[in-house]
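Okay, so here's the structure we're looking at.
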There are 2 protein chains.
Amino acid sequence: MAVTDEAIEKIKGMIVSGALRPGDRLPKESELAAELGLSRNSLREAVRALSLIRILDVRQGDGTYVTSLDPQLLLEALSFVVDFHRDDTVLEFLAVRRILEPAATAMAAARISEQQLDALANQLDKLGTDPSVEELVACDLEFHRGIVQSSGNSVLCSLLDGLSGPTTRARIWRGLTQEDAVSRTLHEHRAILAALRDRDAEAARSWATVHIASVEQWLRSTL
Amino acid sequence: MAVTDEAIEKIKGMIVSGALRPGDRLPKESELAAELGLSRNSLREAVRALSLIRILDVRQGDGTYVTSLDPQLLLEALSFVVDFHRDDTVLEFLAVRRILEPAATAMAAARISEQQLDALANQLDKLGTDPSVEELVACDLEFHRGIVQSSGNSVLCSLLDGLSGPTTRARIWRGLTQEDAVSRTLHEHRAILAALRDRDAEAARSWATVHIASVEQWLRSTL
DNA sequence: CGATTCAAGACGTCCGATGTCTCAGCCACA
DNA sequence: TGTGGCTGAGACATCGGACGTCTTGAATCG
């Protein structure tokens, strides 16, 4: 195994074993390199790789630190990876989202606060009845994120956040070509919100499923 | 932005835009470095980072290539990230798995082949009635992977593979020395298999839910 | 014709120097 | 005495070049 890969594994080991804890500062590059038995250049490659996936946080002039290791942070790297997928796998991503999002929405029905509900309602109202496609999609993302956050599961939340990337493009595309997509989306959002207000998990789940399935169906018929 | 980060973005751009396609070979390091306007050292950091998350495949003595970019490959990096999570978030990962795995199992009920079913049955038989914990864990992983693969959604499959990474699972099982856990697991596996054979998606889903929920419950009571 | 050898090409690793940024401590000023 | 700027030490950023190791394929020899 290459020394750089070894270094990656060793640093990983130090973190997993607890020798390095979230927020801890690593020894300076030259010291750590000596400690691990490789050159500073090679060590830097390892550090850079771990920083790309948000394990390490490198601050020039200061030092290198272990990040908080929050699921949110680590899964953020997921969206970077997801960006590489081509359109022919969008359907598979959407299918996964169709599983997760309704479940998250149902979970939120039991936990979402009144303030959160009001905030969501406000957000929908602010959009008006004839928004631009870009506005609608941005609002859509925000709306769903707000709900999923209320599911109380940060892993679920981050995962959905990452998966939503590629489908965003598809939704924009759809909004541009399908006439009634905008009004239908608005209607579905209000239905989801109403179900959440009623604390009706099953209704919330169903509306969320319908919401995603309609995008999926359109996409399938288009490809 | 640092030159290395710039290089990462540029290489990403070349791939996303289609200038570099899966399997393509990159210019040699010195040339690419000159092309992107940085030193070979800095470029190598970028390449190393992209190779950690399986975007690039570096072969010493040969050259650097774009990987197939299969969802399977890219999400493989997920397990690397998941390894960093501490025990207090295991429950959240498990909750996500509890959503995905039953859905995948239900999907498999409609698509799984007879050969696949026989293979799964064989695998369970081979384990005997009193396996070691290590054998059981390995078999458990294999069993679920086999089913999820039959769901026909490679994104879903890779995601579950990453989430139920060896570390997570191992940690759960290590403490799981409950006597009846082994036999109960075996029983549940057989029930899932029977439901699949019957093409009974709902039964398969329910058994999968029960299967995961029992682990979840045990874990919750232990932490 | 096949096996072996060898050389070119490409990545792997290291070194040392210099640039740039951050932070903390010192000092002058009000 | 408090505040603000200045400055120097420390740490990361980047570079260029040298040398090692590995892969591959062509040339060579039996």
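Here is the naming used below: chain letters follow the sequence lines, and residue numbers restart at 1 for every chain.
- The distance from atom CG of Asp57(B) to atom P of dG12(C) is 10 Å, rounded to the nearest whole Å.
- Side chains of Phe143(A) and Leu120(A) form a contact here, defined as non-hydrogen atoms less than 4.5 Å apart.
- Per the geometry, CG belonging to Asn41(A) stands 12 Å off C1' belonging to dC12(D), to the nearest Å.
- Listed candidates were dC11(C), dA13(D), dT14(D). Nearest to the side chain of Val58(B) is dC11(C).
- Contact annotation: side chain of Arg40(B) to base of dA10(C), donor-acceptor pair absent below 3.5 Å.
- Of the candidates dC14(C), dC12(D), dT22(C), the closest approach to any side-chain atom of Ser39(A) belongs to dC14(C).
- The residue among Asp62(A) and Glu45(A) whose nearest nucleotide of DNA chain C lies closer to the 5′ end is Glu45(A).
- When atom types are taken as modelled, the side chain of Arg59(B) and the backbone of Asp57(B) share no donor-acceptor pair closer than 3.5 angstrom.
- The OH-P distance, from Tyr65(A) to dC21(C), rounds to 18 Å in whole Å.
- The distance between atom CD of Glu31(A) and atom P of dG10(D), rounded to the nearest whole Å, is 12 Å.
- A salt bridge links Arg48(B) with Asp5(A); the closest basic N to acidic carboxylate O contact falls under 4.0 Å.
- Whole-Å rounding puts the Leu26(A) CG to dC12(D) P distance at 9 Å.
- Per the geometry, CG belonging to Asp5(A) stands 9 Å off P belonging to dG12(C), to the nearest Å.
- The phosphate of dT14(D) has OP1 or OP2 within less than 4.0 Å of a side-chain N or O from Thr4(B).
- Heavy atoms of Ser30(B) sit nowhere under 4.0 angstrom from any nucleic acid atom.
- Where Arg59(B) and Arg48(A) each meet DNA chain D at their nearest nucleotide, the meeting point lying more 5' is that of Arg48(A).
- The side-chain heavy atoms of Arg21(B) and Val66(B), taken from C-beta on, include no pair separated by under 4.5 Å.
- Within the structure, a side-chain polar atom (N or O) of Thr64(B) is placed less than 4.0 Å from OP1 or OP2 of dC11(C).
- Under the 3.5 Å distance criterion, the side-chain polar atoms of Arg40(A) are left unmatched by any main-chain donor or acceptor of Ala34(A).
- Closest to the side chain of Gln60(B), from the set dC22(D), dC23(C), dC15(C), is dC22(D).
- Between the P atom of dC11(C) and the CG atom of Leu56(B) lies a distance of 11 Å, rounded to the nearest Å.
- In this structure, Glu29(A) atom CD and dG16(C) atom P are separated by 16 Å, rounded to whole Å.
- Closest to the Arg44(A) side chain, of the nucleotides dC12(D), dT13(C), dC15(C), is dC12(D).
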